[in-house]
2 protein chains.
Amino acid sequence: MARKLSTLDPQRLDNQICFAVYSAAHAFNRVYKPLLDRLGLTYPQYLVMLVLWERDDVPLKDIGEKLFLDSGTLTPLLKRLEAAHLVKRTRSSEDERQVLIALTAQGHALKDKARSVPQSILAASDCTVPELVAMKDEIVALRDRLNAVIGE
Amino acid sequence: MARKLSTLDPQRLDNQICFAVYSAAHAFNRVYKPLLDRLGLTYPQYLVMLVLWERDDVPLKDIGEKLFLDSGTLTPLLKRLEAAHLVKRTRSSEDERQVLIALTAQGHALKDKARSVPQSILAASDCTVPELVAMKDEIVALRDRLNAVIGE
DNA sequence: CGACATTCAATTGCGAACAATTAAATGTGA
DNA sequence: TCACATTTAATTGTTCGCAATTGAATGTCG
């Protein structure tokens, strides 16, 4: 009976999806770490590079919208990527408020070196691709519902 | 054809479960923020309090194992909780290496004030409890597989 | 045109998160 | 017992993440 209660107690750590997500994010980060170290990237920097590998010469703001990050996070991060000669930051000539982020040759070249990363993560997850796709879709749907509440 | 390829490209941001988890964790954090502000807690501090509300007078190391955090994170965090008069830190007399974390009266009292938090999160998630439990179990299983790889 | 609001990036300050190191306490084995 | 390894927290340094503010550029409306 006490056991039954504890498995339903919403104030128990083990019952919280938020902690599951929080701790899974950290676990992913730890798996990524050695892979990204070889590329000289952190995980958030890797995310920015993924965005730029899809589309180059993007305003900082667009990167922020895709990754749900603001300028307070991105400005110093992008300066570090620039210091590593992976991107160049230039003010837009049409709108001087915007900063455009473009890949350097090194930044482009890194895409090939990063090609094996997703496969390593897949192996570490020990899941089938369809399982992961299903989970991903569920988590994204949950995230979007949460973000909708924040906007309200 | 190009469209078909892009939905399978493992290097695309939208195809990565890791980013889904990463961005969902941030979304949860943003939903928690206003709720926890009223308690004077950050989310990681709230997690520590959840652990202590289940069992008091716990070694720092045990908290770290439950939350997957190390002393580099917990030591300053616990000092802030102590400064807020929510916990007391004392060296164990049996083993002087260990620091025991105990709730103060204020720390205990906060549990009641925090009782409504999980319900607010549930509402924001806009899911049924069984759906959330199923997702949670899947994510925990994935996390544990990832953590197993790190140990190897 | 000119006052005003809006947009965007940068900055500041604080709290995680973690790697690497240090130091003290404890355990172990010759 | 004594040398050595292990355990545990604390510390240092770097990077995120975000709230709040600032300042410049742009948009809007009378």
Side-chain angles (χ1 to χ4, degrees), chain A residues 19 22-34 36-37 39-49 58-65 67-84 87 89-101 147 150, chain B residues 18-19 22-34 36-37 39-49 58-65 67-84 86-87 89-101 147 150:
Chain A
F19 175 62
Y22 167 90
S23 54
H26 289 312
F28 267 121
N29 201 34
R30 285 190 282 268
V31 173
Y32 267 108
K33 184 92 179 32
L36 296 181
D37 275 350
L39 305 176
L41 294 174
T42 65
Y43 182 65
Q45 288 169 5
Y46 172 68
L47 290 179
V48 169
M49 295 303 286
V58 183
L60 184 148
K61 186 176 189 284
D62 289 19
I63 299 178
E65 279 169 4
L67 302 183
F68 307 98
L69 298 172
D70 67 1
S71 71
T73 301
L74 287 176
T75 295
L77 187 156
L78 288 166
K79 283 185 177 175
R80 282 187 282 272
L81 287 181
E82 188 171 44
V87 306
R89 307 179 319 124
T90 54
R91 289 273 166 188
S92 163
S93 51
E94 299 114 48
D95 186 342
E96 290 280 344
R97 291 172 302 184
Q98 290 192 343
V99 168
L100 298 177
I101 312 299
N147 279 332
I150 297 164
Chain B
C18 334
F19 176 63
Y22 166 91
S23 54
H26 289 313
F28 267 121
N29 200 36
R30 285 190 281 267
V31 174
Y32 268 108
K33 183 96 180 26
L36 295 181
D37 275 351
L39 305 176
L41 295 174
T42 65
Y43 182 66
Q45 288 169 6
Y46 173 68
L47 290 179
V48 169
M49 295 302 285
V58 183
L60 182 149
K61 186 177 189 284
D62 288 19
I63 298 177
E65 280 170 4
L67 301 183
F68 306 97
L69 297 173
D70 67 2
S71 72
T73 301
L74 287 175
T75 295
L77 187 156
L78 288 165
K79 284 183 177 176
R80 282 187 281 272
L81 288 181
E82 189 171 43
L86 295 173
V87 306
R89 306 180 319 124
T90 53
R91 288 274 166 187
S92 163
S93 51
E94 298 115 47
D95 186 342
E96 290 281 343
R97 290 170 303 183
Q98 291 191 344
V99 167
L100 298 178
I101 312 300
N147 278 331
I150 298 164

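Lettering follows sequence order; numbering is per chain, from 1.
Residues A:F19 and B:Y46 fail the side-chain proximity criterion, which asks for heavy atoms closer than 4.5 Å. For the pair B:Q45 and B:L39, the minimum side-chain heavy-atom distance is 4.5 Å or more.
Summarising the geometry, the separation between NZ on B:K61 and C1' on C:dA25 is reported as 15 Å, rounded to the nearest angstrom. Atom CD of A:E96 and atom P of C:dA10 are 12 Å apart (whole Å). In this entry the distance linking CD1 of A:I63 with C1' of C:dA9 reads 13 Å, nearest Å. Rounded to a whole Å, the CD atom of B:Q98 is 14 Å from the C1' atom of C:dG27. Look at CG on B:L69: it is 13 Å from C1' on C:dG15, rounded to the nearest Å. For A:R89 and C:dC8, the CZ to P distance is 17 Å, given to the nearest whole Å. Here C:dA17 presents its C1' atom at 8 Å from CG of B:D70, a figure rounded to the nearest Å. If you measure from atom CG of A:D62 to atom P of C:dT7, you get 15 Å, rounded to the nearest angstrom.
In the region residues 39-49 of chain A, proximity to DNA chain D at under 4.0 angstrom, judged on heavy atoms, holds for A:T42, A:P44, A:Q45.
Although no hydrogens or angles enter the test, the distance criterion places a donor-acceptor pair under 3.5 Å between the side chain of A:R91 and the main chain of A:R97. Of the possible donor and acceptor atoms, none in the side chain of A:D62 sits under 3.5 Å from a partner among the backbone N and O of A:E65.
If you walk DNA chain D from 5' to 3' and mark each nucleotide with an atom closer than 4.0 Å to a heavy atom of chain A, the marks span D:dT15 to D:dT26.
With values rounded to the nearest 0.5 angstrom, B:R80 atom CZ is found 10.5 Å from B:T75 atom OG1. Atom CG of A:L67 and atom OG1 of A:T73 lie 10.0 Å apart (nearest 0.5 Å).
Contact record, B:V48 with B:L78: CG1-CD2, 3.9 Å, taken as the closest heavy-atom pair. Annotation for A:A25 and B:Y22: closest pair CB-CA, 4.5 Å, computed over non-hydrogen atoms.
Here A:Y22 reaches the OP1 or OP2 of C:dA17: one of its side-chain N or O atoms lies under 4.0 Å away.
Closest to the A:R97 side chain, of the nucleotides C:dA19, C:dG15, C:dC8, is C:dC8.
The residue among B:K79 and B:E65 whose nearest nucleotide of DNA chain D is located toward the 5' end is B:E65. Mapping B:H26 and B:L100 onto DNA chain D by nearest heavy atom places B:L100 at the nucleotide closer to the 5' end. In terms of position along DNA chain C, the nucleotide closest to B:L77 lies nearer the 5' end than the nucleotide closest to the other residue of the pair B:L77 and B:S71.
Scanning atom types as modelled, no donor and acceptor separated by under 3.5 angstrom connect the side chain of B:T73 and the base of C:dA16.
Under the rule for a side-chain hydrogen bond (donor to acceptor under 3.5 Å, both in side chains), the partners of B:Y32 that lie at least two apart in sequence or sit in another chain are A:Q16.
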